[in-house]
Amino acid sequence: MEFDALILARIQFAFTVSFHIIFPAFTIGLASYLAVLEGLWLWRGNDVYVQLYRYWSKIFAITFGMGVVSGIVMSYQFGTNWGPFSDAAGPVIGPLLGYEVLSAFFLEAGFLGVMLFGMKRVGRGLHFFATLMVAAGTLFSAFWILAANSWMQTPAGTGFDGNQFTPDDWWAVIFNPSFPFRFVHMVLAAYLTTALIVGAVGAWHLLRTSSDAAARVMVSMAMWMAALVAPLQLAAGDLHGLNTLEHQPAKIAAMEGHWERQRGAPLLLFGIPDMEREETRFALSIPRLGSLILTHDWNGEVPGLLDWAPEDRPNSAIVFWSFRVMVGLGLAMIGLGLASLVLRWQGRLYDAQWFLRFAIVMGPSGLVAVLAGWITTEVGRQPWVVYGMMRTAEGVSPVAAPAVASSLALFAIVYFVVFGAGVYYLLQLMHRPAGNGDAETSPRTPERAAGITPGPSLEAPR
């Protein structure tokens, strides 16, 4: 691979967006989790929920801050490395990102202070409302960002005169053909990511102290989410795949490693796509299953990469494996959820050490799956920055390769130092038990004054 300015600019954007996306993927789900915890505390009056709220709100604040910083740095590259794209797509992308700031970031920033510092300063109802607004803000942010990115994947509602895109129908721009599927897929991924991290932290503390009530609640709530959302994510991914086959068939061909169009196509489990030899080497396949999954028909027709000229093909060697990493982790998440249901039914959810270790191992799997999914989406779109209308090479700024390489090296050094320290601190916070160290916010009773919490209300939900 020749590392010219285009490749280096793509690597730089991929590097910064990879660092950035893991933070919103966590905070989207974590904000909703905090809202649920506070709602349960107000409803049941059980102090374990407010202990967990305080515990995870500290982690949310740090993660939110790192997400904001990494997002700002990433956005600068539109001007430095992707000037022609910004000029051409600015009338579309600019307003969408502006709506994200006005409706999402302002909402989050406006209520974040109340949420983090106002529990003892405002009424419980107002504080709960602030938490709900922060959670809503994270979802609005995902809505607008996915709308902008989905328009780049499946452009609609715009005209193009060869130099600039002009919006003709904002409804069609926002709700473009792939947006509903990609938005649902991303939100479910965020909820799964949060559930797996929360479950891993709870499992870690249960292995250390099996009677930790807060850890039991974490594991219980996280496993309910995994058992419910992981199968839903599989169904959402299937619908997303059907949509991609209709609008971006070259991406599907690259994901599946197929080179020739065929009916009754096999499912390639493993293999090594070779872009030069135009074949997938050492393929291990299951006959006809590929057509069944992709078209819901045993004899459905599946495209092959040979349908497109070499310069119009995505890099199957990357997309093929990133897609399998995402799907493999998704199947493991379903397995984790099913195992939790069996153990819950047997009354062993908090005692089975093999399961708790499994939950710890699966803790970062949501983040890895999100990264693999975005690699599949973005590399599979190539060589287009706006699919079918503007090539990536046409959107790059006329910046010399050494300049891009220098800034990329600087980004790498700063990111690994700054965000490495931030992640280390997050892990230190997660290492501490939720405990009972925070001052109580509910009325004191003789039992609570003595350090005793009523037994029935402290039990983890079954």
Review point. Looking only at heavy atoms, which two atoms of Gln164 and Asp87 are closest? And how far apart?
Key: NE2-O, 2.8 Å
Point to revise | Side-chain H-bond candidate by donor/acceptor type, Gln12 with Asn81, under 3.5 Å | key: yes
Review point. Passes side chain to side chain contact (heavy atoms under 4.5 Å, CB included), Ile93 versus Met152? Steps please.
Key: CA-CA 9 Å; Ile93 299 295; Met152 294 165 64; 4.1 Å; yes
Check your understanding: Aromatic ring centroids of Tyr53 and Tyr49 under 6.0 Å?
Key -> no
**Study point:** Exercise: do Ser32 and Tyr191 side chains pair donor with acceptor under 3.5 Å
**Key:** yes
**Study point:** side chain to side chain contact (heavy atoms under 4.5 Å, CB included) between Val217 and Met221, intermediate numbers included
**Key:** CA-CA 6 Å; Val217 172; Met221 296 179 71; 3.6 Å; yes
Practice item. Could you tell me whether Trp144 and Phe140 have their ring centroids closer than 6.0 angstrom? Key: no
**Study point:** Check: Phe78 ring centre within less than 6.0 Å of Phe13 ring centre
**Key:** yes
Review point. Hey, are the side chains of Met66 and Val418 touching, using non-hydrogen atoms and a 4.5 Å cut-off?
Key: no
Point to revise | Backbone of Leu429 reached by a side-chain donor or acceptor of Tyr55 within 3.5 Å | key: yes
Review point. Do the rings of Trp204 and His431 sit parallel, tilted or perpendicular, given the 30° and 60° boundaries?
Key: tilted
Point to revise | Aromatic ring proximity, centroids under 6.0 angstrom, Phe165 and Trp151 | key: yes
Exercise for review: Write down the atom of Thr158, the atom of Val173, and the distance for their closest heavy-atom approach.
Suggested key: CG2-CG2, 3.7 Å
Point to revise | Polar contact flag, side-chain donor to acceptor under 3.5 angstrom, Thr138-Thr27 | key: no
Review point. Would you find more than 12 non-hydrogen atoms of other residues, nucleotides or ligands less than 6.0 Å from Tyr76 atom OH?
Key: no
Practice item. Locate the shortest heavy-atom distance separating Gly380 from Val319; write the atom from each residue and the value. Key: N-CG2, 3.7 Å
**Study point:** Tyr33 ring center near Phe60 ring center (under 6.0 Å)
**Key:** no
Check your understanding: Quick check: does any side chain N or O of Thr377 sit under 3.5 Å from a backbone N or O of Trp374, one acting as donor and the other as acceptor?
Key -> no
Exercise for review: Classify the side-chain pair Ser141/Glu108 by whether it contains a donor and acceptor separated by less than 3.5 Å.
Suggested key: no
Exercise for review: State whether Trp224 and Arg344 meet the cation-pi test: NZ (Lys) or CZ (Arg) under 6.0 Å from the six-membered ring centroid, and within 45° of the perpendicular axis.
Suggested key: yes
Review point. Strictly by modelled atom types, are Thr16 and Gln77 linked by a side-chain donor-acceptor pair under 3.5 Å?
Key: yes
Review point. Would you call the rings of Trp171 and Phe175 parallel, tilted or perpendicular if under 30° counts as parallel and over 60° as perpendicular?
Key: tilted
**Study point:** Met115 backbone acceptor or donor facing His127 side chain under 3.5 Å
**Key:** yes
Practice item. Could you walk me through whether Thr392 and Gln382 pass the side-chain hydrogen bond (donor to acceptor under 3.5 Å, both in side chains) test, one step at a time? Key: CA-CA 7 Å; Thr392 306; Gln382 300 303 318; 2.6 Å; yes
**Study point:** Lys/Arg N to Asp/Glu carboxylate O, Arg381 vs Glu378, below 4.0 Å
**Key:** yes
Review point. Any chance the side chains of Gln153 and Ser178 put a donor and an acceptor closer than 3.5 Å?
Key: no
Check your understanding: Does Arg357 count as lying over the ring of Phe355, i.e. NZ or CZ under 6.0 Å from the six-ring centre, within 45 degrees of the axis?
Key -> no
Check your understanding: For the residue pair Phe183 and Phe143, is the inter-centroid distance of their aromatic rings smaller than 6.0 Å?
Key -> yes
Practice item. With ring-ring contact (aromatic ring centres under 6.0 Å, His included) as the test, would you mind laying out the steps for Phe416 and Phe19 before giving the verdict? Key: CA-CA 10 Å; Phe416 279 113; Phe19 263 89; 5.5 Å; yes
